[in-house]
Amino acid sequence: VYGVRFAARDLWGTGSHTVIVDLWESYLEEAG
Amino acid sequence: VSHEELPVAARVRRLEERVVAAGLTTDEELDAILDGLLESASPLNGARMVARAWTDPAYRELLLADGNAAAEELGMPSQNYLLRAVANTPERHNVVVCTLCSCYPIALLGPSPGWYRSFAYRSRVVREPRAVLAEFGLGLPDDVEIAVWDASAETRYLVVPRRPEGGVTEAELAALVTRRGLIGTAAV
């Protein structure tokens, strides 16, 4: 399980806060 | 939707009936387990940890690095999840939610408040935390960043508020800490 931090703008298109969620490894893909 | 109305609640009730019918346990035994859990569960536990962190830099370091070890050091009931403490600073305010249900460190914060379990809180605080906190009476300056921590069955959070004025001894400081402060919907 990883704690992944998202910018609210990336999740909702608006907002200046951050949201940290637990994501299991199987949900994650290697970037680049 | 209240928890009692959810399909999972009906499944739990059926499971309870079956294990009791099979003679594996009794209603009284299940009640005793729940009573034992709730008897020691209190926001005073989380408040003690925060007050210690305010007065003991080494404990603060431990709390922020390993919440479970910090809880154990003060003799708190054991946790079967990862406890992560997040500290407020002048630049950042932390607030906790469980968007899926109501995951929450009951042993350290006591039974969760109704609003924490409400759909309105769970759905809104991740989208517009500044407005939600303002409705709780916590107005934050625009330059304070808000971090929303989404708890799960695996990881649960405890907010370490900023130390307020007043209070000298650890006990006096602990008395200033509220359950809402430990969730992040109040300053302390």
Side-chain angles (χ1 to χ4, degrees), chain A, chain B residues 64-68 80-89 91-105 121-134 136 138-159 183-185:
Chain A
V1 180
Y2 295 85
V4 182
R5 179 187 302 271
F6 292 94
R9 199 173 304 279
D10 293 337
L11 293 175
W12 323 115
T14 180
S16 59
H17 58 286
T18 57
V19 180
I20 302 96
V21 297
D22 278 355
L23 292 178
W24 270 253
E25 192 162 353
S26 55
Y27 286 91
L28 301 172
E29 288 178 9
E30 198 170 334
Chain B
L64 297 181
D66 185 342
N68 298 80
N80 55 357
Y81 47 79
L82 181 71
L83 176 65
R84 183 155 182 205
V86 289
N88 291 341
T89 68
E91 297 79 32
R92 179 194 276 191
H93 181 86
N94 299 286
V95 62
V96 179
V97 64
C98 173
T99 52
L100 279 180
C101 45
S102 59
C103 293
Y104 165 102
Y121 177 75
R122 293 188 286 124
S123 57
R124 287 186 61 216
V125 78
V126 286
R127 293 191 72 116
E128 44 175 5
R130 206 172 291 275
V132 171
L133 294 179
F136 274 101
L138 178 60
L140 293 172
D142 286 344
D143 60 350
V144 174
E145 182 204 331
I146 300 175
V148 184
W149 298 84
D150 191 0
S152 69
E154 304 283 328
T155 311
R156 304 186 188 190
Y157 297 95
L158 174 79
V159 173
I183 298 172
T185 53

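Everything numeric in this text was worked out from a predicted model, so none of it was measured. So you know, we letter chains A, B, ... as the sequences are listed, proteins then strands, and number each from 1.
The shortest distance between side-chain heavy atoms of A/W12 and B/E128 does not fall below 4.5 Å.
Ranking B/R92, B/R130, B/R84 against chain A, the residue ahead of the rest is B/R92, based on heavy-atom pairs under 4.5 Å.
Rounding to the nearest 0.5 Å gives a distance of 10.0 Å between CH2 of B/W149 and CG of A/D22. Note that the OH atom of A/Y2 and the OG1 atom of B/T155 stand 13.0 Å from one another [nearest 0.5 Å].
Of the two parts of A/V21, the backbone and the side chain both hold a non-hydrogen atom closer than 4.5 Å to a non-hydrogen atom of chain B.
In this structure, B/A147 and A/I20 approach most closely via the heavy-atom pair CB-CD1, 3.9 Å. The two atoms that bring B/I146 and A/H17 nearest to each other are O-CB, 3.1 Å, heavy atoms only. Listed here is the closest heavy atom pair of B/V126 and A/V19: O-CG2, 3.7 Å.
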